[in-house]
There are 2 protein chains.
Amino acid sequence: MSVTAAKGFTAAGIAAGIKENGNPDLALVVNEGPRRAAAGVFTSNRVKAAPVLWSEQVLKGGSVTAVVLNSGGANACTGPKGFQDTHATAEKVADVLGHNAAEVAVASTGLIGVLLPMDKLLPGIETAAAALGEHGGEKAAIAIKTTDTVHKTSVATRDGWTVGGMAKGAGMLAPGLATMLVVLTTDADLDSDVLDRALRAATRTTFDRVDSDGCMSTNDTVLLLASGASGVTPEYAEFAEAVRAVCDDLGQQLIRDAEGASKDIKVEVVNAATEEDAVEVGRSIARNNLLKCAIHGEDPNWGRVLSAIGTTSAAFEPDRLNVAINGVWVCKDGGVGEDRAKVDMRYREVHIVADLAAGSETATIWTNDLTADYVHENSAYSS
Amino acid sequence: MSVTAAKGFTAAGIAAGIKENGNPDLALVVNEGPRRAAAGVFTSNRVKAAPVLWSEQVLKGGSVTAVVLNSGGANACTGPKGFQDTHATAEKVADVLGHNAAEVAVASTGLIGVLLPMDKLLPGIETAAAALGEHGGEKAAIAIKTTDTVHKTSVATRDGWTVGGMAKGAGMLAPGLATMLVVLTTDADLDSDVLDRALRAATRTTFDRVDSDGCMSTNDTVLLLASGASGVTPEYAEFAEAVRAVCDDLGQQLIRDAEGASKDIKVEVVNAATEEDAVEVGRSIARNNLLKCAIHGEDPNWGRVLSAIGTTSAAFEPDRLNVAINGVWVCKDGGVGEDRAKVDMRYREVHIVADLAAGSETATIWTNDLTADYVHENSAYSS
């Protein structure tokens, strides 16, 4: 499954020795054709890792023959040497596979501010290339894990064609526990403009609305590669739906594996004047540390929801706001609503509805609770 | 000390029974004149508690004869009944003291969305009025505590006049663990316009730059009352400096008592193109949960500083950024700088300098680390 579910792709995941603990840390995904169309979406953080700067250039050409990904080091804030290392990595892949380095995308994840051990990474590429196979997608997904407890893959099969993918971490344009890396593949026969359109439409309402801890990575990368190997050219709407389905599934898997989380929180903003308002309010609620602690304590503390809404510029009247937690309207017209004791918060998923009573637009943001485990995991990450 | 350090003020702090545990929960501060000039600054949260809505109106008159403050309930999101309760509280104070309710400010702090027990609060006002005294400032400061572990007071005495004050909680226009309530008093002989100017100038660079957890309260209130009892009218600059000194001292006390914190973090942004840029970058760093966890773990993880800077719209070039942690320039020109092992993080205060290399403006934001204790305290607050 994973990135090799679609025809025309091979992949591998191996341990190159980048991680000191000997776990898999290098993945290679190769588009065997006949087509090599591609699109990409990258972090909007202005401090971008070397592999992001490199891959943004590669994607401008609309063609990618291979993607090499490493965990164990983000190669971010590593200066000119870090960029040379990314370049050398792409060149090595091109050499080994007989491709052009300008069509090799690179992605990295791990600690910021540390140079990669190139003496291990470059030989690792040879090992990975020798291990490439039509069933290598699972191993590739495993090799890109950092603090992930499980690897994440998803597949959508349609009429004669498939979209598959793998992901690690959580977060995107806004968010991120750690870096999010995603590679999607399809054997549909489509050009890079169509891929780009479908990918941007899908990420806008999936990965972009997964906001685990409000921190934006320097390395976030989502790539979509098309081999054309199915010989089928689906309708745009049908293709876009399949890409969105895979992105949505992977996004949900990221939230469920968020560092230290004990609750997955669905923040649904309804009756907003505009979609932008709905997203702004949803993010403000999703990023409120006090609320995230309360949810962790299974406390339906709706005052913290109102307090978060109040910091936004969205259209609303404070005395018309309504809030439901797990189906109980604990806040009505900006004041006390149904009995908060009725709220059952025993389960992992928590559903907050914020009704702005200002229009008809809606948006859903996913986040996690804030836990002592999150603090422990992130206070000991680099040491 | 506290609000009774300046001449012309009496105060009291008593247990009215609003808090179920029997701790002090009601404070009264009275301006005995001859002058009753006042200025106030309130939360910019659009969801404002009833006492904030009330006191904003009172302050428009520029005259305040008394301030009544309660802990044990925020009276926020309590609808028309909550506003009636605030009004009744002011009327009761006016009755007991023989004042005008339109000159009585009200402030509340505690859980959102719960009505105050007026059957306890109103009799408590009579008890407090009977206990008013020239040395009551300390008890008043104690009565406004919620999760505060210590009460906070500060005094600046100048040539024949004094500015004193008390505070609870942490946070202001942006921030807040819990609500911040501050009452400052002075016996300088000044009108409300001068008070307003000095107060806004002081809060802008003190309480506004204390950002413990990025959450903004519905109840934040800072009041400055002048009795004129010293008979001295200081120069504006001298007065503004004294007000700023007291605000700065109280702000530092708030940070040192922040919920669950083990580190006080001074984020100093230097060489910014504008002061706004410096503040935006400082806040982004101060609100980065991943960095706050790293600091808790005594890990000089400067990559998270760069990652936070990268999410702002401030003027900078990524490859010209420099970061120092406790005096060690761990990041130079956007890449690896001095050895991070040189950074000593054993002490409570941590000093981060972010050099944007884009101008000559500067700003300092204070925050805390993110700890398991913060999570515990805030996951069990209302239950």
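Just so it is clear: chains get the letters A, B, ... in the order the sequence lines come, proteins before strands, and each one is counted from 1. Bear in mind the structure is a predicted one, so any value in this text is a computation, not a measurement.
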Check your understanding: CG/A:Asp257 to CG/A:Asp148 distance, rounded to the nearest 0.5 angstrom?
Key ->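 Answer for the CG-CG pair, A:Asp257 versus A:Asp148, is 5.5 Å.
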Practice item. Give, for atom NZ of B:Lys48 and atom SG of B:Cys77, the distance between the pair rounded to the nearest 0.5 Å. Key: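 Rounded to the nearest 0.5 Å, the NZ-SG separation comes out at 12.5 Å.
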Practice item. Would you indicate whether B:Arg320, at its atom CZ, is surrounded by more than 12 heavy atoms from other residues, nucleotides or ligands within a distance under 6.0 Å? Key: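 Counting neighbours around CZ of B:Arg320, 12 or fewer heavy atoms of other residues, nucleotides or ligands fall under 6.0 Å, so no.
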Find the one option among [options] whose heavy-atom pairs under 4.5 Å with chain B are most numerous.
options	result
A:Gly79, A:Ala76, A:Gly334	A:Gly334
A:Pro318, A:Ser313, A:Cys331, A:Gly113	A:Gly113
A:Ala294, A:Pro80, A:Ser307	A:Ser307
A:Ile295, A:Asp319, A:Thr312, A:Asp373	A:Thr312

**Study point:** Inter- and intrachain pairs under side chain to side chain donor-acceptor pair (under 3.5 Å), touching residues 288-298 of chain A, at least two apart
**Key:**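 Every side chain to side chain donor-acceptor pair (under 3.5 Å) pair that includes a residue of residues 288-298 of chain A, provided the two are not neighbours, is A:Ser262-A:His296, A:Lys263-A:Glu298, A:Asn289-B:Asn289, A:Lys292-A:Thr367, A:His296-A:Asp369.
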Exercise for review: Using only heavy-atom distances, determine whether the side chains of A:Thr43 and A:Asn219 contain a donor-acceptor pair under 3.5 Å.
Suggested key: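 Not at all, the side chains of A:Thr43 and A:Asn219 share no donor-acceptor pair under 3.5 Å.
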**Study point:** Flag for A:Asp355-A:Asn271: side-chain donor and acceptor within less than 3.5 Å
**Key:**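 Indeed, the side chains of A:Asn271 and A:Asp355 share at least one donor-acceptor pair under 3.5 Å.
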Practice item. Under the ring pair (Phe, Tyr, Trp, His ring centres under 6.0 Å) rule, collect the residues that match up with A:Trp366, sequence neighbours excluded. Key: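 In terms of ring pair (Phe, Tyr, Trp, His ring centres under 6.0 Å), with neighbours along the sequence ignored, A:Trp366 is linked to no residue.
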Pick from [options] with the largest number of heavy-atom pairs that fall under 4.5 Å of chain A:
options	result
B:Thr371, B:Val47, B:Val375	B:Val375
B:Asp333, B:Ile309, B:Leu370	B:Leu370
B:Ile112, B:Val330, B:Leu291	B:Ile112
B:Thr218, B:Val114, B:Leu115, B:Leu306	B:Leu306

**Study point:** A:Ser284, part contacting chain B, at a heavy-atom distance under 4.5 Å
**Key:**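 Neither part.
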Exercise for review: Could you tell me which portion of A:Leu321 (side chain, backbone, both or neither) has an atom closer than 4.5 angstrom to a non-hydrogen atom of chain B?
Suggested key: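 Side chain only.
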